[in-house]
There are 2 protein chains.
Amino acid sequence: MATSVRRGPYACGIDAGIDVVAGKWKVLILWELQQHGIRRFGELRRGLPGVSEKMLIQHLREMEEDDLIHREVFREVPPRVEYSLTEHGSSLNEALRPLGAWGGQRRKRLDAQGAGGAGGVGPR
Amino acid sequence: MATSVRRGPYACGIDAGIDVVAGKWKVLILWELQQHGIRRFGELRRGLPGVSEKMLIQHLREMEEDDLIHREVFREVPPRVEYSLTEHGSSLNEALRPLGAWGGQRRKRLDAQGAGGAGGVGPR
DNA sequence: TTCTATACTCACCTAAAAGTAAGTGCCTTG
DNA sequence: CAAGGCACTTACTTTTAGGTGAGTATAGAA
C-alpha cells in the first residue's frame with residue numbers, strides 16, 4: 001500500500017493534474033522550490049508562514065511519491081535534507097503558469113471591486 | 001457575508017486560480033459546460049455520474065458567485081434552469097488546458113507503470 | 001388518483017484534511 | 001551541564017468537505 005498510484009481513477013487529465021496539487025501548501029512548495037532551486041526543510045518552513053511541520057512534511061512526502069520533488073539526505077549532524085524539483089515538478093510548474101496568470105487577473109478584479117465597489121471588505 | 005470576495009487572501013495567482021476550482025466536481029462542471037455550451041440542471045447531474053444534487057447545486061452557486069457560470073431561470077412548469085459558461089469561466093477553462101495536458105501525461109505514465117511494472121496494482 | 005419529473009432546500013452524518021502540541025536523537029553553543 | 005537547533009514522528013483534536021435522504025410546488029402522464 002505504500003508505493004504506487006494513490007488517488008483517483010481520474011475522469012480526465014485536469015482531474016489528475018488538480019489532484020496532484022490538491023493540498024493547502026503544495027503549489028506554494030512548488031513555487032518556493034522553483035524560485036530557489038534547492039531548499040532545506042527549515043528554509044521551506046520559514047518560507048511558508050503558517051505551515052505546520054506535520055503538514056509540510058506530509059505534503060513533501062506525497063510530492064516525492066508523485067515524483068514532483070527530489071529529496072536528498074546528508075548524513076551529517078545536525079541533519080541536513082535538501083529538496084528540489086524533479087523534471088516533472090518543473091513541468092507541472094510550467095503547466096500551472098496560465099492558471100496562475102488567470103488567478104492574478106482575478107485577484108486584480110477582486111481588488112478593484114473591493115476598493116472602488118460597494119464598500120465593506122476593504123483591501124488586504 | 002453572502003456576497004463578495006469569499007476565500008483567500010491569496011499568496012499568489014496560482015493560489016487564487018486553484019481556489020476557484022477546488023471542489024470535487026468543479027472542473028468537471030466547467031468541462032461539461034464547455035462541451036455542451038448550455039446545460040440544464042438535470043442534464044449536468046446525469047452528465048456527472050456520482051454527483052449528489054446537494055454538491056452539484058452548491059458548486060454551481062459558488063461558481064456563479066465567482067462569475068464563472070451564468071444561470072438563467074425560465075419561469076415555466078416544470079421548472080427550467082440553464083447553465084452556461086461566462087467569459088471568465090471560458091478563459092479559466094483555457095487556462096486549465098496545460099494542466100489538463102500535464103495530467104494526461106501523468107496518467108499515461110501511471111498506466112504504463114501499472115501495466116508493465118512490478119505487478120501488484122493492476123489496471124483500473 | 002397516483003406517479004413522475006423538474007430544480008431545488010434542509011437537516012443530519014461521515015470521512016478526510018488540517019491544526020496543535022509534545023517527543024526523539026544528536027551535536028553545538030553558552 | 002542546560003538549552004537550542006535540526007528534521008522529523010506521533011497522538012490527538014478541530015475544521016471542512018462531501019454524502020444521504022427526505023421534503024417542496026406544480027403539472028402532465030398512466
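Each chain gets a letter, A, B and so on, in the order its sequence line appears, and its residues count up from 1. Please read these numbers as outputs of a predicted model, since none were measured by experiment.
Contact annotation: Trp25(A) does not reach the phosphate of dA17(C) (side-chain N/O to OP1 or OP2, under 4.0 Å). Residue Arg45(B) places none of its side-chain N or O atoms closer than 4.0 Å to OP1 or OP2 of dC8(C). Side-chain N/O atoms of Arg40(B) include one lying less than 4.0 angstrom from OP1 or OP2 on dA7(C). An OP1 or OP2 oxygen of dA18(C) is reached within less than 4.0 angstrom by a side-chain nitrogen or oxygen of His59(A). In this structure, Arg80(B) does not reach the dA5(C) phosphate: none of its side-chain N or O atoms is under 4.0 Å from OP1 or OP2. The phosphate of dC8(D) has OP1 or OP2 within less than 4.0 Å of a side-chain N or O from Arg71(A).
As a whole-Å value, the separation of Leu56(A) CG from dG19(C) C1' is 14 Å. Rounded to whole angstrom, the span from the CD atom of Glu53(A) across to the P atom of dA21(C) amounts to 13 Å. The NZ-C1' distance, from Lys24(B) to dT16(D), rounds to 14 Å in whole Å. Distance, Gln58(A) CD to dA16(C) P: 13 Å, rounded to whole Å. Put simply, CD on Glu62(B) is 12 Å from C1' on dG18(D), counting in whole angstrom units.
Two different hydrophobic clusters hold Phe74(A) and Ile69(A) under the rule that ILVMFWY side chains link at heavy-atom gaps under 4.5 Å.
Checked for salt-bridge contact, Arg106(A) and Asp66(B) meet the test: a charged N lies under 4.0 Å from a carboxylate O.
No hydrogens or angles were tested; on distance alone, a donor-acceptor pair under 3.5 Å links the side chain of Lys54(B) to the base of dG19(D).
Mapped onto DNA chain C by nearest heavy atom, Arg46(B) and Ser52(A) fall at different nucleotides, with Arg46(B) at the one closer to the 5' end. Positionally, the nearest nucleotide of DNA chain D for Val77(A) lies more toward the 5' end than for the other of Val77(A) and Val73(A).
Counting only heavy atoms from C-beta on, Val81(A) has its side chain closest to dA7(D) among dA27(D), dA7(D), dG5(D). Of all nucleotides listed (dA7(C), dG18(D), dC8(D)), dA7(C) comes nearest to the side chain of Pro79(B). Comparing atom distances between the Ile57(A) side chain and each of dC6(D), dG18(D), dT9(D) picks out dT9(D) as nearest.
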Please step through side-chain contact (heavy atoms from CB on, under 4.5 Å) for the pair Leu56(A) and Phe41(A), ending with a clear verdict. CA-CA 9 Å; Leu56(A) 180 54; Phe41(A) 180 82; 3.8 Å; yes
